[in-house]
Amino acid sequence: MHRRLALASAAALCGTLVLTACGSSGDSGDTEAAAGPVKLTFWSWTPNMDKVAALWNTSHPDIQVSVQKQASGDDLVTKTITAAKAGNAPDLVQVEYQALPTLVSNDVLADIAKRAGSAEGQFAAGVWQQVTLGSDAVYAIPEDTAPLAFYYRTDLFDRYGLKVPATWAEFADAARQLKQKDPSKSLTTFSANDPGLFAGLAQQAGAKWWTASGDAWKVAIDDDATKKVADFWGGLVAEGAVDNQPMYTPAWSKALNDGSQIAWVSAVWAPGVFTSSAPDTKGKWAIAPLPQWTAGNSVTGSWGGSSTGVTTGAEKAGHADAAAQFATWLNTDPQAVTALVKEAGIYPAATAAQTGGALASAPEFFADQPDFYPRAAEIAKNTAPAAWGPNVNVAYSAFKDAFGKAAQSRSGFPAALTAIQQATVADLKKNGFTTQG
């Protein structure tokens, strides 16, 4: 996305997010402060981020960062846009990758390409692409990432003679074999209550749900790559080879804990979920690469992750240089990233920090797999680029509705995908965006 598209879209997007403080943000020229300590505000939802910022404050007396704890998700996006239009945005803000186009479209985030230095080389190409939106601009520094992997019960795979799937075809075979050997068990479930997982699977398959061209957006949520993913999972659900219950429910946790569900496609943060949802299975799970559409490939998608952006408000206040310095330090400096891992429990986006240091030991839940983080780092290296747009919230809402019904009825997956496409395009047009194709 280019800056001219971002500015042209700003007013329209306010309708999508139901904001009331929209308007021109004025000149975004940078006028750095001449002297004196710079005081920066940083909106973040990450636990203990204030402790990490304290390390910076101790060694940088001329630039002091105050962390203000916020809610995550759409609430923070709306609050940040509203604050920016009112002229009181924070200098820095934590932003989920899928929310970046929304904030850029509202002229909330500054282009820090000239301030990011050599940061690009510290991240996987697919991760870095998410903060550039496919342009020459840089709208944030990657903070954490969440590459998808395949988690499986080693003891139950051995008991039922199942092969850890290297391809999605082998995944489907394993699901069918398990059902034949023990109908009471399922390899996994297709869940419609968290669109992020499906988005990551489509990302792995090569989907590009939103792309910008000039002043227009092209929406391709029903592209061939996504259709392939939807047809694959829809077929497994229809034949009963996998379960159809939603994740994060008591029933789902019970299935993980008692061995009724013996595998889960999830992100690198899965150990924390296992610890709370399946405590009796500690030491019985292993991580493996995500199954591939083409044998021999090693591509993954992502499910979550966030970045640190510098606002145009910081630019107007003359704080952009200082804010960019902090954002870069926070996400690339070894001491800072180690603190993020230890204090906040994140999986860092910086590739050098994904093994050794604070991640030298496997998560306690995976104590029997000492190479957990080295394997996760290998998986993360080949994270496919994602393509987000200005109304991800609308697409995700439509997904929960359409795919929720399809999952429960075990039918209608193609129609569900069409419904998401139509709802997303209609929302863009309703709010004044130009659409293409």
Hydrogens and angles aside, do [X] and [Y] bring a side-chain donor and acceptor to less than 3.5 Å of each other?
{"X": "S277", "Y": "W252", "result": "no"}
{"X": "T46", "Y": "Q94", "result": "yes"}
{"X": "W43", "Y": "Q68", "result": "yes"}
{"X": "D194", "Y": "W303", "result": "yes"}
{"X": "S302", "Y": "Q203", "result": "yes"}
{"X": "T434", "Y": "D215", "result": "no"}

Please tell me whether [X] and [Y] form a close aromatic pair, meaning their ring centres lie under 6.0 Å apart.
{"X": "F232", "Y": "W293", "result": "yes"}
{"X": "F150", "Y": "W168", "result": "no"}
{"X": "Y151", "Y": "F365", "result": "no"}

Donor-acceptor pair, side chain of [X] and main chain of [Y], under 3.5 angstrom:
{"X": "Q354", "Y": "A376", "value": "no"}
{"X": "T226", "Y": "D222", "value": "no"}
{"X": "N106", "Y": "T102", "value": "yes"}
{"X": "S276", "Y": "V273", "value": "yes"}
{"X": "T383", "Y": "V127", "value": "no"}

Ring pair (Phe, Tyr, Trp, His ring centres under 6.0 Å) pairs, two or more places apart, involving residues 93-124: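 Only F123-W128 qualify under ring pair (Phe, Tyr, Trp, His ring centres under 6.0 Å).
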Are F399 and I221 packed together at the side-chain level, in the sense that at least one heavy-atom pair is separated by less than 4.5 angstrom?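 A side-chain contact under 4.5 Å is absent here.
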Please examine the side chains of F274 and P363, heavy atoms only from C-beta on, and report whether any two atoms are closer than 4.5 Å.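 Sidechains of F274 and P363: no contact.
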T249 OG1 to N193 CG distance, which is reported to the nearest 0.5 Å: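 The distance works out to 7.5 Å.
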Rounded to the nearest 0.5 Å, what's the gap from OG on S44 to NZ on K69? Could you check?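 With rounding to 0.5 Å, OG (S44) is 7.5 Å from NZ (K69).
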Please name the residue in the list F171, F198, F403 that meets the ring-ring contact (aromatic ring centres under 6.0 Å, His included) test with W233.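 When ring-ring contact (aromatic ring centres under 6.0 Å, His included) is applied between W233 and each of F171, F198, F403, only F171 qualifies.
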Looking at K228, I want to see if its NZ is surrounded by more than 12 non-hydrogen atoms of other residues, nucleotides or ligands under 6.0 Å.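 Enclosed.
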Are R375 and E378 close enough for a salt bridge, meaning some N to O gap below 4.0 Å?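 Looking at E378 together with R375, the answer is no, because their closest N to O distance does not fall below 4.0 Å.
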